[in-house]
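Read the structure below first, then the notes.
Ligands are counted one by one from 1 in listed order, and the atoms in each one are counted from 1 as well. This chain uses plain numbering: 1 for the first residue, then up along the sequence.
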Amino acid sequence: MTTARSENFPESIIRENIKRLTPYSTARDESNAGYGTYLDANENPYNMGYNRYPDPHHKLLKRELALKKGVNEDMIFAGNGSDEAIDLIMRVFCEPRRDNIVSISPTYGMYKVAASINDIEYREAPLKVDFTLDTQALVNLSDNNSKVIFLCSPNNPTGNLLDKEAVLGIVKKFKGIVVVDEAYGDFSGDEGYIPLLSEYPNLIVLQTMSKSMGMAALRVGFAFGNARVITYLNRVKYPYNLNRISQELAIKRIREGSKTLGGILSERERVASSLRELSEVVKVYDSNANFLLVKFRNATEMYNLLLNNGVIVRDRSKVSGCEGCLRITIGKPAENDRLIMLISNFGKEPFIFPLNPFVEVSRITRETAITLKADFTGAGLSSLNTGIGFFDHMLEQISTHGGISLDIDVSGDLWVDFHHTVEDVAIVLGDALNRYFTSAGNYERYGFSLPMDESEATVLIDLGGRAGFNWKVDFRGDKIGEFPCEMFAHFFSTLASAGKFTLNVKAEGENDHHKAEAVFKAFARALKMALASGNLQSVPSSKGII
Ligand code: PMP
């Protein structure tokens with residue numbers, strides 16, 4: 001257990017106004033009543049899931065994290081991402097227009113931006129060419145008004161761990177606060193600086209749930225330090241800086257741990273060694289993070305080639321110290337394969353790039369909110385949540401027989417009827433299909449299918465970039481279970497028009513359920529055929545043609 005020695009904390013470096021500050025006290029803090037009828041916070045009394053304010057002190061979250069990290073709860077500040085802690089550290093310690101902070105270069109851009117927003121001078125000591133710390137340069141830059149030194153280890157975008165002895169040398173010498181940002185620490189295998197907090201009252205460690213823990217959207221980050229520093233950060237934060245959903249999910253994730261860390265680390269090694277073999281690659285820097293800094297012969301053209309083929313990396317080639325470099329985050333194995341394939345074919349024209357198989361579409365209207373993720377390599381599992389069981393079952397046919405992994409989440413106005421949900425899923429799925437077949441590359445374009453069991457369905461597809469729809473399917477009843485049969489034609493016509501392709505559907509059979517299923521199955525098979533990757537003789541992508 002690490003306990004920090006607060007008594008040696010240099011209180012004098014706190015800004016005077018912050019020392020004097022009477023922080024906002026929430027309604028619940030004032031009564032300190034554990035349970036009762038809450039008429040104190042002007043909340044809505046009706047429990048619709050989120051009517052009460054979240055815990056401003058994040059007690060359960062801190063309890064869980066304290067156990068995990070072996071620290072006292074009072075050594076933890078929980079913020080809306082570690083970006084919040086970066087900003088608050090500046091606000092607690094630095095007097096605008098008088099004080100300065102010192103950092104390294106290149107490093108994470110938010111230190112400079114937060115300093116600038118707070119009107120605090122920002123000084124940067126360049127790393128040496130091998131990205132190691134230039135301790136002397138840092139010391140030379142600091143003066144009596146330097147209140148905070150920001151270090152990042154593993155550093156972004158260089159990916160390397162800073163030398164611990166060198167960092168601790170700075171912590172010992174420097175009169176102000178030294179922040180070590182360990183956003184990427186979990187990828188390094190190093191135990192980091194938290195165990196050292198007990199020895200150094202002027203040390204703050206930042207960590208985040210956005211990287212190894214996979215929770216970037218929920219915005220949860222932490223600062224660890226001695227209890228005095230943490231008290232001040234808590235006093236200046238917004239009272240309810242972390243919403244309840246984020247707190248709850250963070251607790252759950254901390255208990256579970258990261259299930260993806262090992263896979264990302266082995267992919268990092270695989271990608272690094274594959275890239276080292278390629279002629280366009282000048283250097284792959286050793287990485288202790290979940291990204292690689294890679295120097296290319298021609299970084300700008302490589303960046304554009306990747307972007308034009310749907311692979312987005314970070315261009316760091318204009319950043320001082322990273323000239324000619326792109327920063328590449330480690331993705332899933334199939335994504336990394338595509339990256340390597342594209343880089344290895346740089347300059348080899350004419351080369352047919354397979355279509356980009358990963359498509360994500362979100363759409364929010366008054367009636368529905370839909371997120372769709374499609375993986376056209378079909379490598380993953382599907383998860384279909386439209387709220388309509390039968391419709392999920394039909395979409396599953398597209399996934400299984402079309403070789404497309406589909407994650408579809410819908411919250412729709414099912415209390416009205418199924419119409420908007422079915423229609424909007426067709427729009428989003430059509431849009432995803434269109435994005436896929438108009439991405440760079442070639443595909444067969446035409447597809448047909450007539451699978452037959454007791455029902456018979458014929459589907460013809462032309463992915464030519466123009467919408468068309470022909471439907472010859474009669475259902476015996478009006479509904480299958482709760483699902484109105486008229487919605488099938490509506491689904492497919494909307495799909496064809498959103499996807500800008502031509503679709504001909506015919507079906508016959510005794511049983512409506514089987515007939516519908518045969519149509520979805522035949523559609524999926526025909527689609528798979530039309531999307532099959534082409535060769536130089538086959539029809540080129542319609543991108544830029546139609
Ligand atoms: N520190 C570093 C070094 C980072 O790279 C990032 C995000 N890219 C952050 C902090 C911010 O993380 P968070 O999502 O917790 O705000």
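- For the ring-ring contact (aromatic ring centres under 6.0 Å, His included) condition, no pair includes a residue of residues 57-92, sequence neighbours left out.
- With no hydrogens or angles considered, a side-chain donor-acceptor pair links Asp409 and Asn385 at under 3.5 Å.
- Screening residues 139-166 for ring-ring contact (aromatic ring centres under 6.0 Å, His included) gives Tyr111-Phe150 as the qualifying pairs, with residues at least two apart or on separate chains.
- For Thr107 (side chain) and Ile104 (main-chain N/O), no donor-acceptor pair under 3.5 Å exists by modelled atom type.
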Solution key, residues 164-176 side-chain donor-acceptor pairs under 3.5 Å, sequence neighbours excluded:
unit_1	atom_1	unit_2	atom_2	d
Lys164	NZ	Asp190	OD2	2.9
Lys164	NZ	Gly192	O	3.2

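- Ordered by chain and residue number, the residues placing a heavy atom less than 4.0 Å from ligand 1 are Gly81, Ser82, Asp83, Tyr108, Cys152, Asn156, Asp181, Ala183, Tyr184, Thr208, Ser210, Lys211, Arg219.
- Under a 3.5 Å cut-off, the side chain of Asn72 and the backbone N or O of Asp74 do not form any donor-acceptor pair.
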